[in-house]
J.: 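First the structure, which I've put down as structure tokens, then a few questions once you've had a look.
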Amino acid sequence: MALFQQLRVSPAQVSLAAVLKCGQSFRWSIFPLPTPETKPEAGQGSLDTPLADALKGVPTHEYRLCLKDRVVCLQQSSDTLFYRSAFPDPQPSPAQRAEKEVETLAWIRDYFQMDVDLEDLYAQWALQDKVFAKFQDRFKGIRILRQDPWENLVSFICSSNNNISRITKMVHNLCKQFSPPLLSLPDPSDPSQTNTYHPFPPPSLLATPDVTGTLRTLGFGYRADYIQRTAKMLFDTHTAAPLSSGLREPSEVWLSGLRLQDTSKAREELLKFVGVGRKVADCILLMSLDKKEVVPVDTHVYQIAVKHYGLKGSSGGKVTMTPKLYDEVNARLQSLWGDYAGWAHSVLFTADLKIFSTYGLESSSPVKVQSTSKKAKKAKAITAVMGEPMSPLTPLPSPTQTPVKRKLEVVETVLETTELTTLAERIKRRKRGGKP
DNA sequence: CGGACACCATGG
DNA sequence: CATGGTGTCC
């Protein structure tokens, strides 16, 4: 394969460890790197080299994602994001490879939305939300990924009544089953092993009737039917010409086109698919359709909203999340956090939900329960969140609709091409005297 | 339109 | 027996 390229990035801007396994994307493969039972002892020669700098924060994991035409591999240290790509067999020439790494860099910047200054956002949220202010330090670098809409749609159809670990297995199995292998790579955790990577299957490959049965054998349960029907609906409705062998099918392109529509219109389109209710639709709007202000409301978010943000908790052991209630929670949080409300939501809810369980604080701001008064009982066991066709989403008087200025924080410097070997390996060599 | 329930598999 | 819901039937 090749060399790692480097991108200067603060972990406060992006934390791969937090972002890639917090329930946004379920397709990243994560490998612990062999630990260099080596701590850079002081006085061990010059520590002012670029290499020494990198050693300060040695990557502990490698993250890999299979795209349509390549596998992207990432590692992160205390100040650098390392990246490289692997390609299927007609290996590109060195010249071509250089070009392709530029493409990969472009992909990374887009996927991680590097142009959005996360630290700025944190500062703004902390200003308006005391709860956020108190815990922001524990969730540095959590940002919303800009995912592929089709993959995002299918993945979240799988998410109903489900948990992250199972969703992850399901999505991996789906790729393995329906998409031909792109290439294989040695396992970073154990180089004697090799892993095969499959791209996410396009709509056409999931649209045939037999798919339902296959998915059921893979443990998709009732979601098997939703996925097949959704794939067929999308394919039938938006595929005019026979697949132009391109990297993306027409229906996928159409779906991505929802990025240009306004939130209500895009949501309306998403809700037409079976298996997609309000919650799932909102997740897709936020995570792949550029609707940064959308706050998906699940049972957990609702409970937290009741406990810490002054929403009325109608429950008597169980609560049905009615469309109206969903909108109230949604509107309240949106008005509290502003334009990037969906991002703030992900910081507080998709990372570590446990901190809230022990956080018994009064509501952060003088939030008053909205007009609609229901029966107020004590919140205990909430169960479901319902969906409903789009709603005007009338934001309440927003405190400070802070427009975030996009400041390029990321300095993309391809300092030195790092070797293919892991940093851990380099450390060992360095300790031995610098020879391979 | 609010409410009840089935749906499927896995883990506590 | 509950789980980061949705579809369907009262």
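So that the names make sense, note that chain A is the first sequence line, chain B the second, and so on, each numbered from 1. Note that the structure is predicted; figures quoted are calculated from it, not measured.
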J.: Please answer whether the main-chain N or O of A:Ile144 pairs with a side-chain N or O of A:Ser346 as donor and acceptor at a distance below 3.5 Å.
T.: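 Checked: no pair found.
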
J.: How far, in whole Å, is B:dA4 from C:dA2 if one measures between their P atoms?
T.: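 15 Å, rounded to whole Å.
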
J.: Counting N and O atoms only, with roles assigned by atom type, does the side chain of A:Lys134 sit under 3.5 Å from a partner on the main chain of A:Ala126, one being a donor and the other an acceptor?
T.: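 No.
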
J.: So, A:Phe156 versus A:Phe26, ring centres under 6.0 angstrom or not?
T.: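 Under 6.0 Å, so yes.
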
J.: Are A:Tyr309 and A:Trp337, when compared by the centres of their aromatic rings, separated by less than 6.0 Å?
T.: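 Under 6.0 Å, so yes.
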
J.: Roughly how many Å is it from CZ in A:Arg278 to P in C:dG4, rounded to a whole number?
T.: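 Result: 20 Å.
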
J.: Counting only Watson-Crick or G-U wobble pairs whose two distances fall under 3.5 Å, which nucleotide matches C:dC10?
T.: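 Partner of C:dC10: B:dG2.
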
J.: Check every atom of C:dG7, B:dC8, B:dG2 against the side chain of A:Arg166 and return the nucleotide holding the closest atom.
T.: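 Minimum distance to the A:Arg166 side chain belongs to B:dC8.
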
J.: How close or far is atom P of B:dT10 from atom CG of A:Asn173, stated in whole angstroms?
T.: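 From A:Asn173 CG to B:dT10 P: 11 Å.
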
J.: Kindly indicate whether a cation-pi arrangement holds for A:Arg64 with A:Phe31, taking the cut-offs as under 6.0 Å to the six-membered ring centre and within 45° of the axis.
T.: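 Verdict for A:Phe31: a cation-pi partner in A:Arg64.
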
J.: Would you tell me if any nitrogen or oxygen in the side chain of A:Arg223 comes within less than 4.0 Å of OP1 or OP2 on B:dC8?
T.: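 So the side chain of A:Arg223 is outside the cut-off, no N or O lying under 4.0 Å from OP1 or OP2 of B:dC8.
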
J.: Can you figure out which of B:dC7, C:dG4, B:dG2 approaches the side chain of A:Tyr222 most closely?
T.: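 So the side chain of A:Tyr222 is nearest to B:dC7.
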
J.: Please state the P separation for the pair C:dG7 and B:dT10 - nearest whole angstrom.
T.: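 Looking at atom P only, C:dG7 and B:dT10 are 23 Å apart.
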
J.: Determine the interatomic distance between C1' on B:dC5 and the same-named atom on C:dC1; round to the nearest Å.
T.: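 That atom pair is separated by 16 Å.
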
J.: Nearest whole Å is fine: how far is C:dT3 P from A:Ile167 CD1?
T.: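 In whole Å, C:dT3 P and A:Ile167 CD1 are 14 Å from each other.
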
J.: How many whole angstroms separate atom CG of A:Asn161 from atom C1' of C:dT3?
T.: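 Interatomic distance, CG of A:Asn161 to C1' of C:dT3: 6 Å.
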
J.: Paired with B:dC7 by Watson-Crick or G-U wobble geometry, both distances under 3.5 Å: which nucleotide is it?
T.: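 Paired with B:dC7, as far as the under-3.5 Å criterion goes, is C:dG5.
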
J.: Which part of the nucleic acid, if any, lies within reach of A:Val276 when heavy atoms closer than 4.0 Å are counted: base, sugar-phosphate only, or nothing?
T.: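 Sugar-phosphate, backbone atoms only, no base.
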
J.: Output the rounded distance in Å from CZ (A:Phe273) to C1' (C:dG7).
T.: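 Whole-Å distance recorded here is 17 Å.
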
J.: Send over the distance from A:Ile227 CD1 to B:dC7 P, rounded to a whole Å.
T.: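 So the two atoms are 19 Å apart, to the nearest Å.
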
J.: Send over the distance from A:Phe220 CZ to B:dT10 P, rounded to a whole Å.
T.: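 From A:Phe220 CZ to B:dT10 P: 12 Å.
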
J.: Between C:dT6, C:dG4, B:dA9, which nucleotide gets closest to the side-chain atoms of A:Ile164?
T.: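 Among the listed nucleotides, the one closest to the side chain of A:Ile164 is C:dG4.
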
J.: Please report, rounded to the nearest Å, how far the P atom of C:dT6 is from the NZ atom of A:Lys272.
T.: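 In whole Å, C:dT6 P lies 18 Å from A:Lys272 NZ.
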
J.: Side chain of A:Tyr226, base of C:dG5: donor and acceptor closer than 3.5 Å?
T.: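 Result: no qualifying N/O pair found.
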
